[in-house]
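Shown next, in structure tokens, is the structure this report addresses.
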Amino acid sequence: LETEFFNQGDLEKNEGLPISPLMDRTKPGPTNGGNQAGFFEVIVVPTISLWQTLLPESADQLHQQTLSNLEFWKNSTHTEKSSTLDE
């Protein structure tokens, strides 16, 4: 996924366009722990929380795993700043 994002950013840069968020290989990409934690906090946790409210018997385990994944990304050491063109 990150390679595709960075390739898209390269195309945008080559066309003189602004590089889309998360697609600039000189900045943290989508697999960066901070970016993943933000995605979980803004998109995933609210979605799963709503699901849990609507269907509690089917979503309890999913909700717990989501919170566990969020903690993983918050504590992640994967904070590489960029990717090389050779990947």
Side-chain angles (χ1 to χ4, degrees):
L1 176 68
E2 190 164 79
T3 300
E4 287 183 36
F5 273 37
F6 289 154
N7 288 342
Q8 176 64 34
D10 293 344
L11 290 172
E12 293 170 351
K13 183 178 179 180
N14 290 339
E15 293 294 322
L17 300 169
I19 300 173
S20 299
L22 302 178
M23 297 189 185
D24 186 340
R25 68 177 64 247
T26 66
K27 297 179 181 175
T31 60
N32 174 273
N35 290 333
Q36 286 294 316
F39 175 74
F40 266 77
E41 290 172 334
V42 173
I43 303 294
V44 178
V45 172
T47 301
I48 299 303
S49 294
L50 177 59
W51 186 352
Q52 185 182 32
T53 300
L54 297 173
L55 301 165
E57 64 283 347
S58 70
D60 285 339
Q61 184 176 359
L62 181 59
H63 187 253
Q64 289 305 313
Q65 184 61 53
T66 298
L67 296 177
S68 176
N69 290 352
L70 173 59
E71 286 305 309
F72 169 82
W73 285 112
K74 282 184 174 181
N75 298 318
S76 176
T77 58
H78 183 104
T79 56
E80 292 178 19
K81 186 162 184 170
S82 65
S83 177
T84 65
L85 291 171
D86 297 328
E87 290 183 349

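Two residues are said to be in side-chain contact when any heavy atoms from C-beta on lie closer than 4.5 Å; Leu1 and Thr31 fail this criterion. Looking at heavy atoms from C-beta onward, Pro28 lies in side-chain contact with Asn35 at the 4.5 angstrom threshold. Two residues are said to be in side-chain contact when any heavy atoms from C-beta on lie closer than 4.5 Å; Asn7 and Arg25 meet this criterion.
Residue Pro30 comes nearest to Leu22 through the heavy atom pair CD-O, 3.5 Å, listed as atom of the first residue, atom of the second, then distance.
Grouping the Ile, Leu, Val, Met, Phe, Trp and Tyr side chains by contacts below 4.5 angstrom, directly or via other members, places Trp51 with Leu67. Following chains of ILVMFWY side-chain contacts shorter than 4.5 Å, one cannot reach Leu11 starting from Met23, and the two form parts of different hydrophobic clusters. Note on Phe5 and Ile43: separate hydrophobic clusters, where clusters join Ile, Leu, Val, Met, Phe, Trp and Tyr whose side-chain heavy atoms are under 4.5 Å apart, directly or indirectly. Criterion: ILVMFWY side-chain heavy atoms under 4.5 Å apart, direct or through other members. Under it, Phe6 and Leu17 are not part of a common hydrophobic cluster.
Rounding to the nearest 0.5 Å places CH2 of Trp73 at 8.5 Å from CG of Asn32. Here CD1 of Ile48 is found 10.0 Å from CG of Asn69. Values are rounded to the nearest 0.5 Å. For the atom pair Gln52 CD and Thr66 OG1, the distance stands at 9.0 Å (nearest 0.5 Å).
Defined by atom type and a distance below 3.5 Å, a donor-acceptor pair is present between the side-chain atoms of Ser20 and Glu12.
With sequence neighbours excluded, the residues satisfying salt bridge (charged side-chain N to carboxylate O under 4.0 Å, His left out) with Glu41 are Lys74.
Distance alone, capped at 3.5 Å, places no donor-acceptor pair between the Asp24 side chain and the Ile19 backbone. Using modelled atom types, one side-chain atom of Ser49 and one backbone atom of Val45 make a donor-acceptor pair closer than 3.5 Å.
The environment of CD in Glu57 is crowded: more than 12 heavy-atom neighbours from other residues, nucleotides or ligands sit within 6.0 Å.
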